[in-house]
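Each remark here refers to the structure printed beneath this line.
Each ligand, and each atom within it, is numbered from 1 in the order the structure gives. The figures here come from the full heavy-atom set of this structure, side chains too, leaving out hydrogens, waters and symmetry mates.
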Amino acid sequence: MRKVLFVCLGNICRSPAAEGIFEAMINRQGLERVISCDSAGTSGYHQGDLADKRMRETAEKRGYKLTSRSRQIDLHDFNEFDYILVADESNKRNVLSLPGVKEGQVFKILDFSLENKGEDVPDPYYGGDKGFDLVLNLLEESLKNFLSKVKKEIA
Ligand code: 4NP
């Protein structure tokens, strides 16, 4: 089993969307027994909340149902998850400062993008509605490539 944790700041916009998209890809390809995912925030500001309504509605239009509840990243996550994929550079700094994080465990989500390699997934929270569709476009492209990589590793 390979386990992936998506991480952003609030765990109500970018990382729950990544989780919903990646889970849909896993299910579509019948990989539920070999790959799983979850999401968390570096902050606990929105602990227990569903994803932001604008994010849920934009995702639903593409067929993704975002049902996860926000939680803060936990030090046990470093033992639990093989990959920790963060949305931006600030998330990466925060995660890498926590005790117990392993060498080579943390990546940016867009490290796997061909079109926007290594860039940040922009935080849509304070921006306009267009930001939510942009986030989904970035996530879909990069996570497709990331899933191919994980599949090759377990093949
Ligand atoms: P996210 O977006 O990190 O993509 O979930 C944010 C949501 C809320 C806040 C920041 C970012 N906030 O400061 O409340």
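- At distances below 3.5 Å, at least one donor-acceptor pair connects side-chain atoms of Ser148 with backbone N or O atoms of Lys144.
- Distances between N or O atoms of Tyr45 and those of ligand 1 include no value under 3.5 Å.
- Counting heavy atoms from C-beta on, the side chains of Pro124 and Arg14 come closer than 4.5 Å.
- Using a 3.5 Å distance cut-off with no hydrogens or angles, the side chains of Ser70 and Gln47 do not pair a donor with an acceptor.
- Atom 10 (C) of ligand 1 has as its closest protein heavy atom Leu9 CD2, 3.6 Å.
- For the pair Ser15 and ligand 1, the shortest N or O to N or O distance does not fall below 3.5 Å.
- More than 12 heavy atoms of other residues, nucleotides or ligands lie within 6.0 Å of NZ in Lys149, so this atom counts as buried by the packing criterion.
- In terms of polar-atom proximity, Gly10 is counted as a contact of ligand 1, with an N or O under 3.5 Å from an N or O of the ligand.
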request  = For side chain to side chain contact (heavy atoms under 4.5 Å, CB included), just list the numbers for Arg69 and Asp49, CA-CA rounded to whole Å, side-chain angles, deciding distance to a tenth of an Å, and then say yes or no.
outcome  = CA-CA 5 Å; Arg69 296 271 177 180; Asp49 292 354; 5.7 Å; no
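- Less than 4.0 angstrom separates some heavy atom of Cys13 from each of these atoms of ligand 1: 1 (P), 2 (O), 4 (O), 5 (O).
- One finds no salt bridge joining Lys3 and Asp38 here, because no Lys/Arg side-chain nitrogen approaches an Asp/Glu carboxylate oxygen to under 4.0 Å.
- At a heavy-atom distance under 4.0 Å, no atom of Asp52 approaches ligand 1.
- Scanning the protein heavy atoms around atom 9 (C) of ligand 1, the nearest turns out to be Tyr125 CD2, 3.7 Å.
- Proximity to Tyr126 (heavy-atom distance under 4.0 Å) selects the following atoms of ligand 1: 12 (N), 13 (O).
- Counting protein heavy atoms only, atom 8 (C) of ligand 1 is closest to His46 NE2, 3.4 Å.
- In terms of protein heavy-atom proximity, atom 1 (P) of ligand 1 is closest to Cys8 SG, 3.5 Å.
- For atom 2 (O) of ligand 1, the choice among Asp88, Asp123, Thr42, Asp49 with the nearest heavy atom turns out to be Asp123.
- For Met55, the closest heavy-atom approach to ligand 1 does not fall below 4.0 Å.
- Using a 30° and 60° split on the angle between ring planes, Phe146 and Tyr83 fall in the perpendicular class, above 60°.
- Between Glu140 and Arg62, at least one side-chain N (NZ, or NE/NH1/NH2) sits under 4.0 Å from a carboxylate O, which counts as a salt bridge.
- Ring-plane geometry between Tyr125 and His46 is classed as perpendicular, the angle between the planes exceeding 60 degrees on a 0 to 90 degree scale with a lower cut at 30.
- If you number the atoms of ligand 1 from 1 as listed, the ones under 4.0 Å from a heavy atom of Ile12 come out as 5 (O), 7 (C), 8 (C).
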